[in-house]
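Below you'll find the structure, written out as structure tokens, and then a few comments.
Throughout, protein chains are lettered first and strands after them, A, B, ... in sequence-line order, and every chain is numbered starting at 1.
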Amino acid sequence: MIFEKQIKEAVLNIVSCLYSCELCEDSLQIQKTKKDFTGDFTVVVFPFVRYSKKSPDATAEEIGENLMKTVPFIKDYNVIKGFLNLSIHDETWLNYFNNIRSKELLLNINEQDQSPIVVEYSSPNTNKPLHLGHVRNNLLGDAVCNILQANKYNVIRVNLVNDRGIHICKSMLAWIKSGKEETPESSGLKGDKLVGKYYVEFDRLYKQEINQLESQGLSKEQAEKQAPVLLEAQQMLQKWEEGDEEIRALWAKMNAWVYEGFDKTYKQMGIRFDKIYYESNTYLLGKEIVEEGLNKNIFYKHEDGSIRVNLENEGLDEKVLLRSDGTSVYITQDLGTATLRANEFNPQKMIYIVGNEQNYHFDVLKLILDKKLGYTWGETIYHLSYGMVELPSGKMKSREGTVVDADDLMEDMIAIAKENTEKLGKTDNFTTTQLDHLSSMIGIGALKYFILKVDPKKNMLFNPEESIDLNGNTAPFIQYTHARIRSLLRKAEAQEININDSVCVSLIPEQEKELLRTLYEYPSVVKQAGTELSPALIANYTYELVKAYNHFYQDTPILREENKELRIYRLQLSLYTADIIKHAMKLLGIDVPEQM
RNA sequence: GGUUCCAUAGCUCAGUUGGAUAGAGCAACUGCCUUCUAAGCAGUAGGUCAUUGGUUCGAAUCCAAUUGGAAUCACCA
């Protein structure tokens, strides 16, 4: 970032002097020199050829020659097929490195606009436990927030709990019918699991009744609409909306069970929120906005009494905003909560972490707020859409019991991590608590990394067996490297080697410069991940870094190195590598152990 | 059918604003534990970047068409 900028300015200068033309900054790219060529930075000269009216090689030669004269830290240059490779003096690298160790330079990111960024994620329903799909959502949300915060943004983490609706009533009804007053305490089940059990139970009752009605001669459609349990559930919802005390009490009781269960899951997952909204508090808010739009003739009343908006000019369809009976639909409440948040926080951006099955919904939402209602903050909405998580057996379907439960999954991961750790026998001196803590770090880390390393917008395949493989591009591999470095540093300390000495190795071994360069890139990776909202970028960078470190130092004797200066330099580079690994993994919400 | 997204090694995935000879891991095969932690390292093999055309000095990357897959197009959330 520092070097690139200076080289860029110098090149722009030279080009404008030499060929008397004004270049825009974008047409000039400085990139890192590919492995197989000598040099540190590369200038692509093709864009200048039209001005220089010379061959690419001659142009590159000319620029290279002038750069040597004007930029003091450039040691040498070479030209290959129109690529101008620049080498930087070793002293310059070392200077930079010695500065970097003060950590001030670690993330040299300027103060950002401090108006908040509101990030909504998780957004569970309270009728069933969290599953693998939620896991991707939660992890993405958490990581995105971490990355934005590392970029010095003011982030507000928000969860919108969908705690009302027909699905909740189904669980409640089944509990009344066949629950026998079962509670989390009496059953030993986690609260969300218990409620989820009755949601499944409802489905069973419902199907039973449908079959019965069908055998009485009704068509399938008729049976689905007339099944008594369904009618009862609908009645219950109506009573809930009317504020029926008995129903509300049961609703509150069962939801409280669920929240207790969710809290445990969130805690295990290591995610948190600054603010939790409940849909039962906000679902009415959108109505006013719809009324307002109706008065301004932005929306219109359909002949059946429902209120709608026509988005055909924008390439979309007609959309219902309020039911004919005056009750609100999904988009009504989202219009409401968005407005609520905009007024509450005056955010520069509102990010929604929601699956790609709702792309259309968010297109509509943005369009209505921004273009139709003309709210200035409408365009601040950003839908971070992620793909589905599929299983080798196909899609997850709750009815077919192919859902991967979040708690079970985490438990499995931890158990496997523990088994592996014990098998390797490196932690025999650990206490049980320490071992559990380590297993949890490794198991949960493996899960998080496995999911976050994939580009969010792509559908991904979750193979339970492969995911717990702790080899290759996985969190345990990264954690392991970190642990090894810390162990190395502990031993150095025991030998009373002072790592903090400022270092000036006369010549940095060429290969190790490569590692230094990778480290050098870290701040810009974080910055870019912040703008792209992509934890995958951080994950893959970290893996590259670890590969690079292992490649250079795996078989390099560091503590036994006779050249004292070189030894200290390598220890410092190791220390710095470990720090970056730790920092990067923290952005992904993954802990790294000191020892494993 | 309309809209949006995806297609890179047998499998799972990377691939920076278009740049040099396409990158890992898993699976397969070969070496390496008296050596700072082998959850590792080094190596072999594996590719028509879905297809075709276009844009240009230069395309896995941008544009168009085609093929295949996913999501969505509810008075469900």
Side-chain angles (χ1 to χ4, degrees), chain A residues 26 29 31-34 36-37 42 44 46-47 49-50 56 80-83 85 123 125 162 164-167 279 302 304-308 315-317 319-331 333-334 355-361 363-364 385 387-388 390 392 395 417 420-421 423-424 426 442 446 450 453-455 457-463 466-467 469-474 476-481 483-492 495 521 524-525 528 532 536-537 539-541 543-544 547 550-551 553-561 570-571 574 595-596:
Chain A
D26 298 340
Q29 22 177 331
Q31 47 193 249
K32 94 172 179 191
T33 303
K34 292 256 172 11
D36 310 320
F37 304 93
T42 296
V44 183
F46 289 107
V49 171
R50 51 200 285 219
I80 297 167
K81 292 197 294 184
F83 292 89
N85 301 322
S123 312
N125 291 354
N162 179 13
R164 48 143 247 124
I166 188 79
H167 47 291
E279 205 189 298
H302 193 260
D304 62 12
S306 62
I307 296 175
R308 307 186 176 195
L316 304 176
D317 300 319
K319 194 81 188 166
V320 172
L321 300 176
L322 215 53
R323 291 196 188 100
S324 41
D325 62 5
T327 58
S328 61
V329 291
Y330 181 39
I331 192 125
Q333 74 85 14
D334 252 359
N356 63 9
E357 72 270 14
Q358 293 190 30
N359 285 352
Y360 182 73
H361 170 76
D363 285 347
V364 171
S385 153
M388 304 185 68
E390 285 164 22
K395 279 175 201 148
N420 270 282
T421 308
K423 203 160 61 191
L424 289 166
K426 293 176 190 171
I442 297 171
F450 188 86
K453 75 176 175 188
V454 181
D455 184 344
K457 70 170 177 288
K458 287 186 176 173
N459 287 0
M460 66 174 289
L461 188 84
F462 185 85
N463 185 333
E466 265 180 41
S467 68
D469 188 347
L470 309 182
N471 294 310
N473 187 359
T474 62
F477 170 59
I478 294 168
Q479 290 168 323
Y480 172 65
T481 303
R484 249 182 38 230
I485 295 175
R486 302 251 62 122
S487 163
L488 176 66
L489 294 169
R490 278 194 298 273
K491 291 197 168 151
Q495 289 182 27
E521 278 161 16
S524 59
V525 170
Q528 197 189 333
E532 307 247 321
L537 197 63
N540 286 298
Y541 165 83
Y543 179 63
E544 290 298 319
K547 287 280 287 180
N550 282 334
H551 180 70
Y553 284 168
Q554 186 71 29
D555 298 317
T556 305
I558 294 178
L559 291 177
R560 285 174 290 118
E561 171 64 58
R570 284 175 171 160
L571 281 168
S574 299
Q595 191 187 345
M596 70 186 272

Worksheet item: So, the side chain of A/Asn459 versus the backbone of A/Met388: is there a donor-acceptor pair under 3.5 Å, distance only?
Response: yes
Discussion item. Tell me whether the ring of A/Phe46 lies stacked over the B/G19 base, given a 5.5 Å limit on centroids and a 30° limit on the plane angle.
Written reply: yes
Worksheet item: For B/G1, what is the paired nucleotide under Watson-Crick or G-U wobble rules, both distances under 3.5 Å?
Response: B/C73
Item to complete: Calculate the interatomic distance between A/Lys457 atom NZ and B/A71 atom C1'; express it in whole Å.
Response: 15 Å
Practice prompt. With the side chain of A/Asn85 defined as its heavy atoms from C-beta on, choose the nearest nucleotide among B/C13, B/A20, B/U37.
Written response: B/A20
Practice prompt. Can you tell me the distance, in whole Å, between the CZ atom of A/Phe83 and the P atom of B/G18?
Written response: 14 Å
Item to complete: Decide, applying a 5.5 Å centre-distance limit and a 30° plane-angle limit (both strict), whether A/Tyr360 stacks on B/U72.
Response: no
Discussion item. Looking at A/Ser328, is its backbone amide N or carbonyl O close enough to the side chain of A/Arg323 to form a donor-acceptor pair, meaning the two atoms are under 3.5 Å apart?
Written reply: yes
Worksheet entry | A/Leu321 CG - B/A77 P separation (whole Å) | 13 Å
Worksheet item: Using purine N1 to pyrimidine N3 plus N6-O4 or O6-N4 for Watson-Crick, or N1-O2 and O6-N3 for G-U wobble, both under 3.5 Å, which nucleotide pairs with B/U21?
Response: none
Item to complete: Take atom NZ of A/Lys423 and atom C1' of B/A38, then tell me their distance rounded to the nearest Å.
Response: 14 Å
Item to complete: Respond yes when some side-chain nitrogen or oxygen of A/His551 is under 4.0 Å from OP1 or OP2 of B/A42, and no when none is.
Response: yes
Worksheet item: So do A/Phe462 and A/Val454 actually touch side chain to side chain, heavy atoms under 4.5 Å?
Response: no
Item to complete: Measure the distance between the ring centre of A/Tyr543 and the centre of the six-membered base ring of B/A24, then answer whether it is under 5.5 Å with planes under 30°.
Response: no
Discussion item. Using a 5.5 Å cut-off between ring centres and planes within 30 degrees, is A/Phe477 stacked on the base of B/G40?
Written reply: no
Item to complete: Round to the nearest Å and state the distance from A/Glu521 atom CD to B/U16 atom P.
Response: 13 Å
Practice prompt. Return the nucleotide paired to B/U61: Watson-Crick means purine N1 to pyrimidine N3 with N6-O4 or O6-N4, wobble means G-U with N1-O2 and O6-N3, both under 3.5 Å.
Written response: none
Worksheet, complete the sentence: Side-chain contact check for A/Ser487: nearest option of B/A14, B/G19, B/U37 is B/U37
Worksheet item: Is the number of heavy atoms from other residues, nucleotides or ligands within 6.0 Å of CZ (A/Arg50) greater than 12?
Response: no
Discussion item. What's the closest nucleotide to the side chain of A/Arg164 if the choices are B/A77, B/C6, B/U37?
Written reply: B/A77
Worksheet item: Is A/Gln554 touching bases, backbone alone, or none of the nucleic acid, heavy atoms closer than 4.0 Å?
Response: base
Worksheet entry | A/Val320 side chain near A/Ile331 side chain, heavy-atom distance below 4.5 Å | no
Worksheet entry | Side-chain N or O of A/Lys34 closer than 4.0 Å to phosphate OP1/OP2 of B/A20 | yes
Fill in: Nucleotide opposite B/U66 in a Watson-Crick or G-U pair, distances under 3.5 Å
B/A50
Practice prompt. Just name whichever nucleotide pairs with B/U44, Watson-Crick or G-U, keeping both distances under 3.5 Å, else none.
Written response: B/A28
Practice prompt. Check the chi torsion on B/C33 and let me know: syn if it falls within 90° of 0, anti if not.
Written response: syn
Worksheet item: Which whole number of Å gives the distance between the P atom of B/A50 and that of B/C32?
Response: 40 Å
